[in-house]
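This report refers to the structure that appears directly beneath it.
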There are 2 protein chains.
Amino acid sequence: MNLNKRPTIKQVAKVAGVSTQTVSRVINERPDVAPETRERILVTISELGYQPSALARSLIQQRSYTLGVVTAGLKHIGPSRTLNGITSAAEEAGYSLLLKELPRYDTEDVVPIFQALLSRHVDGIIWAVPEIGENRNWVDKQSLDLKIPIVYLAMEPKQNISTVSIDNYLGGRIAMAHLLEQGYQRIGHISGPMDWWEARQRVAAWKDALNEANFEARDVYCVEGNWSPASGGLAIEKLFEQYPDMDAVFVANDQMALAVIQAACQKGMRIPEDLGVAGFDNIPESAFFYPPLTTIQQDQHVVGKVAVEETINMIESGWEGLAPPEPKSIKLAPMLVVRQSSLRSLKA
Amino acid sequence: MNLNKRPTIKQVAKVAGVSTQTVSRVINERPDVAPETRERILVTISELGYQPSALARSLIQQRSYTLGVVTAGLKHIGPSRTLNGITSAAEEAGYSLLLKELPRYDTEDVVPIFQALLSRHVDGIIWAVPEIGENRNWVDKQSLDLKIPIVYLAMEPKQNISTVSIDNYLGGRIAMAHLLEQGYQRIGHISGPMDWWEARQRVAAWKDALNEANFEARDVYCVEGNWSPASGGLAIEKLFEQYPDMDAVFVANDQMALAVIQAACQKGMRIPEDLGVAGFDNIPESAFFYPPLTTIQQDQHVVGKVAVEETINMIESGWEGLAPPEPKSIKLAPMLVVRQSSLRSLKA
DNA sequence: CTGAAAGCGCTAACAC
DNA sequence: GTGTTAGCGCTTTCAG
């Protein structure tokens, strides 16, 4: 069967001695085909190694069973985990994925991205790029009135838009509640970049938790990092200066927390006795820091999974290009993982 | 321009008062169109917000400008980095990406994957799944005579097949050379899972380096891990038992090396004085381990980039479905990154 | 320079 | 049950 090209439905029809329509009925599992005919066609199909063209089908059915996924920062573990959740959920639902990665998080010119996706007739889009600075400005713009559903990840819930995010504020509150419970009272914060929505949510949680416990959350108690370990190292040095009697620090991600632990060790401080540390993310390494890191676990692959389900829901509910049927803003609750870096009470 | 559907070339033609071919000529930037006609059509196109359908084009041209990417283990950082390289290189070359992720590394039934990709008319395939156990058996099988080029990543070079990989053996040799140079003589090894080709390459390097330096590489000096930090912890304990006078350890990845450092610290051993440690990968955290980890940097995104370039090369060189024009096996050299965990000579 | 006809691979709608 | 006709949105002949 070494044809030079993939066989078409026409060839199958010819070999089986039927019309293309009948072949079409067989491959689409329609009932109205005589058993013998069906059998004969099935045999021909497998002999020829025939495979229907999803492309031709998409054209005629105006439905591609393909989702567009736009991501950014794939070299970091967070976005990859989300993508992981997207791929497995899409596979399960029988959808293919067209993947685009933005060169930068703050890519402003999103039109070509949408065009590329739309020209390939995707049925829906998952915008898996974190909300940073002005990179959501275009969402409101009328210019972009898509005829297909779109679900946004990791962004501030908005009217008439579907979003799926980890509840970062809740995560921050959980971490802070734990530190306070351990008896820490002078808790500093190392934040992510303040143009990230997720970072701001965590800062807000830190502030609110302190205020509600009647502790001060002064500006100098919070230093901004950029998620990288290196920035965490710089931030903690600054914090040691600005907040000398700090007894714990809530760090906005585990990578920065790692640098905090390292810096504290080098200073001869003991963790958790002299300094309590809590992170955010629960990367696989956190359990093996020295000491192991208390952190907030966020299941990013679940975000991806839910996003796929929502998108497909919207698609299959026969969306009409108006406001989404019921634009949902889904927030997923993260979880506290307690490890040694914050467990002062055991030692006291 | 709020049409209920995307406009077609026909509508543009009608509005502009020309035939569809003329519109086609304009969007394909053919020269033979009168300037005024072209101008008028261009205006109509932008007024209507017209966007040619890549699907219809793919059908007729038998060319989709789409690459199929098959990956696995996206929740780990390695595969994601490779994918990152793939997305940016594909974008640059003007190709789209159809992404599939295998549910498991050792997925045996790859036929449906290929079918899904082929039915969507991808022009080429990048198989970005590491070679593990028998998961490459099907490569030789005649049953799979694809009519499109395919490039395999992270696998043992083979006749008549194009592969792109990091030179893991070389990486191992570089790490070992460094440790030996530092005066370590009783060097143990914690390997990755032995069914991984990459793990075996690193083991071979460890063995050869010791042998060539006239040191013993006994079996008990090498313990198998599974890449996870936890497995590294178990492995190092075993190694402490089986090889009590070990003075250094070459660990097959950084995550396991992290657990090694932690275990050594807990035992009160000093690194690098009592135990030299070298890892593999150079994850962002390695520089912030305590002590910072000497490791082998592999630029996985470059693997992805090169793979895309090779695939497109094969596509555009008008491949005929026979053996690849010149199946290349590309190996990329990794690099040594020296940090404190192996720097005994400075302290001596 | 421009248009008409044919067809990529498939399916919807209707006939018989 | 099965075949015929038409057409998804586009490009490739080939006329003129």
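Convention: sequence-line order gives letters A, B, ...; per-chain numbering from 1.
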Next on the checklist: On the side chain of Arg25(A), is there an atom forming a donor-acceptor pair with the base of dG3(D) - under 3.5 Å, no angle test?
Outcome noted: yes
Rounded to whole angstrom units, what separation is found between the [atom1] atom of [X] and the [atom2] atom of [N]?
X         : N      : atom1 : atom2 : result
Asn28(B)  : dT2(C) : CG    : P     : 15 Å
Arg120(B) : dG9(C) : CZ    : P     : 17 Å
Gln11(A)  : dC8(C) : CD    : P     : 10 Å
Ile60(B)  : dG9(D) : CD1   : P     : 14 Å
Gln61(A)  : dA6(D) : CD    : C1'   : 16 Å
Arg30(A)  : dG3(D) : CZ    : C1'   : 15 Å
Leu59(B)  : dA6(C) : CG    : C1'   : 15 Å
Arg6(B)   : dG9(D) : CZ    : P     : 9 Å

So what does [X] touch, heavy atoms closer than 4.0 Å: a base, only the sugar-phosphate, or nothing?
X        : result
Ile27(A) : sugar-phosphate
Arg38(B) : nothing
Gln51(B) : sugar-phosphate

Nearest to the side chain of [X] - [options]?
X        : options                  : value
Val18(B) : dC10(D), dG3(C), dA12(C) : dG3(C)
Arg57(A) : dA12(C), dT11(C), dG9(C) : dT11(C)
Ile9(B)  : dC10(C), dT11(D), dT2(D) : dT11(D)
Asp32(B) : dG9(C), dT2(C), dT12(D)  : dT2(C)
Ser24(A) : dT11(C), dT11(D), dG9(D) : dT11(C)

Distance check: side-chain N/O of [X] vs OP1/OP2 of [N], anything under 4.0 Å?
X        : N       : value
Lys10(B) : dC8(D)  : yes
Arg40(B) : dT2(C)  : no
Ser58(B) : dC10(D) : no
Gln62(B) : dT11(D) : no
Thr20(B) : dT11(D) : no
Ser53(B) : dG9(D)  : no

Item to check | Aromatic plane relationship, Phe114(A) with Trp138(A) - under 30° parallel, 30 to 60° tilted, over 60° perpendicular | outcome: perpendicular
Checklist entry - Between atom OG1 of Thr71(A) and atom NE2 of His76(A), what is the distance when rounded to the nearest 0.5 Å? => result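 One gets 10.5 Å once the value is rounded to the nearest 0.5 Å.
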Next on the checklist: Does either side chain, that of Ser80(B) or that of Ser80(A), offer a donor lying less than 3.5 Å from an acceptor on the other one?
Outcome noted: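 On atom types as modelled, these side chains qualify, holding a pair under 3.5 Å.
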Checklist entry - Are side-chain N/O atoms of Ser53(A) and His121(B) paired as donor and acceptor at under 3.5 Å? => result yes
Checklist entry - With nearest nucleotides of DNA chain C determined for Thr22(B) and Gln21(A) from heavy-atom distances, which residue corresponds to the more 5′ nucleotide? => result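 Comparing both residues, the 5'-ward one is Thr22(B).
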Next on the checklist: Looking at Glu309(B) and Lys305(B), is there a salt bridge between them, counting it only when a charged N and a carboxylate O are closer than 4.0 Å?
Outcome noted: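 Judged by the 4.0 Å cut-off on N to carboxylate O distance, Lys305(B) and Glu309(B) do form a salt bridge.
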Item to check | Arg30(B)/Asp32(B) ion pair, N-O < 4.0 Å | outcome: no
